[in-house]
Amino acid sequence: MTDLAAPPDRPRRSTPSRPRWLRAATAVGAGATLLALLPLPAAAQTAPPPPTAAAPDERGAAFAPTEAVAPTEAVAPAAALAPPKPDVTGLKGVLRTAVSQGAPGAMARLDDNGTLYHLPVGTSDRRTGQALSNKDRFRIGSVTKTFSAVVLLQLVDEGKLVLDAPVNRYLPGLLPDDRITVRHVLSHRSGLYDYSNDMFASSVSGFEAVRTKVFTYRQLVTRSLSRPRTTAPGGAYSYSNTNFVVAGLLIEKLTGRGVGAEYRRRIIEPLKLRDTFYVHPDTAIPGRFARGYLTPDTRGAALVDATRQTASWAQSAGALVSSTRDLGVFLSALTRGKLTSAGALAQMRRWVPAGTQQAYGLGLRRRDLSCGVSVYGHTGAVQGYYTYAFTTQDGKRTLTALANASNNGTVHNTMLRTLESAFCGRTTSTREIRAPYEHSEDGAPDLVRH
C-alpha cells in the first residue's frame, strides 16, 4: 500500500466551484487577501461592536451583533513577533525523548516558509518494526474541531448561520437552554458536560466498550445532558467534546449532507489534501498509516493497539484521519485567509482564556510560547495518537507533530516542547522550559499520571 491510496468506495470528485465570498474576494484583488492576514486590533478582540441590527456585509452574509464579553474574559493576542530560526536538532531531540518515555514512534514536519524538514523517529508498527514515516496517515483527534469550525464559518459567510443565534433556532429542542448560541458551542462556553469524561473513566475498558460501536450525534448529546452543566451559557471556557458533536449536527442540518461530504467539498478537495479522510464508521485507515498505541492506566501493562476503531464517540469532534503534510497545508491556508472571509477568520480569533499561556477562539487554539511568539492551531488526542498542529499568524511556518501513543502524560508534555524548538529556536530549546505539567484535554482524557 502507498500513502496515496484512497478508499475504494470513495470516488474522486471534481473540485467544486468556489464559494460566493471567495469569488468576491478574488475580484477585489490583493487588498482583500492582505486584510485576511492582518492581526485583529486589540480593541476589536476585547470589545464587541455597537449593538446594531444585523446587516449583510460585502459577501452577502449576515453577521449578527456579537455578544458582550466581560473584560476579564477577553484575551488580546501577543504582538505578532517574527519567530527565531527553528532548532531542527533540538526538535529531533524532543522526538527521541518522547520515544524513550514510551511512545513507539514520534515525528514532525516543519515547513519554514517553503524549507521542509521531515523528522521521523521510532516505529509505526511494534509487531513488524516498520519505521515511522511522514508518509504515514494517522488519527488526528481534536484537530478535527478546526475543520468543523471552518465549515460552520463558511456557512456564516454564505448567510446560512448566525454565530450569536441560539443553537435551538437551527436544531429545535436539542438543548435545554435557548441561551446557548453557536458561538458558545464553538468556543467551549456552552456549559455542556463532556460525555467522554464518563465514557473513558477507565482508559482500556472504556475504549474497548466503544471501539466498534456506532453512535448517533443525538445519542452522544443525550449522554451529556444526563449530567449537570458545567457553567451558564457564555461562562468561562470549559472544554467539552459535546460542543463539536453539536457542531456536526449543525453542519448536517444546514447543508443536508454528512460532515464527511462537507469536509471533502469545502476543505479537502480545494486544498488537494491527499491524505485526509473522514472514514467513520469504518474502522480501517486507508493507505499507509501509523498504528496507534493506548497506554493502560496500570503502570507497566502492555500497550494496546488502538488503530482499528470507529471513533464514533468523537465524529465531528475528533474522527478525521490525516498526515503531517496535509495538516500543515490546512493550517497555513486557514491563517492566510484561503478558507474563510477575513471577517470570519477574525471571529475565529476572538480569544477567551483557556489555561496557562493559552487562549481559545472558535475551534482554534492559541499558544503563547516562552520567546513571545504566539502560534495557532489545535492539539488532538484519540486512543493511540497525540497530534500537535500549529502555525504562525502569517502561515509561513507550520509544525505538525505526532506521537503514536496516548494516555501518557509524560509523552504529551514532552511533545509540547516541539513547539518551542520549531518556533522559538535555540534560545529556548537548549535550556529547560519550566512549564506547568499539562494534561491533554483534547479528546479522551489522560488518566495515567506518568
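Keep in mind that the numbers below use all heavy atoms, side chains included, and drop hydrogens, waters and symmetry copies.
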Single hit among T115, D112, T392 for side chain to side chain donor-acceptor pair (under 3.5 Å) with R397 = D112
key: Parallel, tilted or perpendicular, as decided by the 30° and 60° cut-offs, for the rings of H412 and Y388   = parallel
query = With no hydrogens and no angle check, do the side chains of H280 and T310 hold a donor and an acceptor under 3.5 Å apart?
reply = no
request  = Pick out which of D326, V321, L327 makes a side chain to side chain contact (heavy atoms under 4.5 Å, CB included) with S323.
outcome  = D326
query = For the side chain of T242 and the backbone of L192, is there at least one donor-acceptor N/O pair under 3.5 Å apart?
reply = no
ask   = Any side-chain donor paired with an acceptor under 3.5 Å for E420 and S370?
value = yes
inquiry  = When you measure from the side chain of Y385 to the backbone of A290, do you find a donor-acceptor pair of N or O atoms at a distance under 3.5 Å?
reply    = yes
request  = Measure from the side-chain N and O atoms of T144 to the backbone N and O of G141, and report whether any donor-acceptor pair falls under 3.5 Å.
outcome  = yes
message = Any carboxylate oxygen within less than 4.0 angstrom of a Lys/Arg side-chain nitrogen, looking at E269 and R274?
response = no
ask   = Any side-chain heavy atom of R223 sitting closer than 4.5 Å to one from M199?
value = yes
message = Counting the benzene-type ring for Trp, do H378 and F147 have ring centres under 6.0 Å apart?
response = no
key: Side-chain heavy-atom pair Y170, L161 within 4.5 angstrom cut-off   = yes
query = In Å, rounded to the nearest 0.5 Å, how long is the span from CG of L163 to CG of L153?
reply = 6.0 Å
request  = Please check if the side chain of S332 supplies one atom and the backbone of V329 the other of a donor-acceptor pair under 3.5 Å.
outcome  = no
request  = Side-chain contact test, heavy atoms from C-beta onward, threshold under 4.5 Å: evaluate it for F277 versus L320 and give yes or no.
outcome  = no
query = Going by an N to O cut-off under 4.0 Å, is there a salt bridge joining R265 and E262?
reply = yes
inquiry  = For a quick check under 3.5 Å, do D157 and S341 share a side-chain donor-acceptor pair by atom type?
reply    = yes
query = Just by distance, with hydrogens left out, do T283 and R308 show a side-chain donor and acceptor under 3.5 Å apart?
reply = yes
Whether S148 side chain and S316 backbone form a donor-acceptor pair below 3.5 Å = yes
inquiry  = Could you tell me if Y193 and D198 have a donor-acceptor pair between their side chains, going purely by distance under 3.5 Å?
reply    = yes
request  = Would you indicate whether the side-chain heavy atoms of L399 and R109 approach each other to under 4.5 Å?
outcome  = no
query = Which of parallel (below 30°), tilted (30 to 60°) and perpendicular (above 60°) describes Y278 and Y263?
reply = perpendicular
query = Looking just at side-chain N and O atoms, do S322 and T276 make a donor-acceptor pair shorter than 3.5 Å?
reply = yes
ask   = Heavy atoms, side chains only, cut-off 4.5 Å: are T340 and V150 in contact?
value = yes
ask   = So, Q309 versus R211: side-chain donor-acceptor pair below 3.5 Å or not?
value = no
query = T222 and R218: side-chain donor and acceptor closer than 3.5 Å?
reply = no
query = Just checking, is any N or O donor in the side chain of W313 or Q383 under 3.5 Å from an acceptor N or O on the other one?
reply = yes
inquiry  = Parallel, tilted or perpendicular: which one describes the rings of H188 and F244, with boundaries at 30° and 60°?
reply    = tilted
message = Check whether K145 reaches the backbone of A317 with its side chain - one donor and one acceptor, N or O, closer than 3.5 Å.
response = yes
key: Check: R291 main-chain N/O paired with N404 side-chain donor or acceptor under 3.5 Å   = yes
message = If we ignore hydrogens and angles and just use 3.5 Å, is the side chain of D297 paired with the main-chain N or O of S203 as donor and acceptor?
response = yes
query = Q101 side chain to T414 main-chain N or O, any donor-acceptor pair under 3.5 Å?
reply = no
task = Find out whether the Lys NZ or Arg CZ of R365 is both under 6.0 angstrom from the six-membered ring centre of Y376 and within 45° of the ring's axis.
result = no
inquiry  = Has Y386 got a side-chain atom pairing as donor or acceptor with N407's backbone, closer than 3.5 angstrom?
reply    = yes
Sidechain N-carboxylate O distance under 4.0 Å for D275, R325 = no
ask   = Side chains of S142 and Y239: donor-acceptor distance under 3.5 Å anywhere?
value = yes
ask   = With distance as the sole criterion, is a donor-acceptor pair present between the side chains of S187 and R189 under 3.5 Å?
value = yes
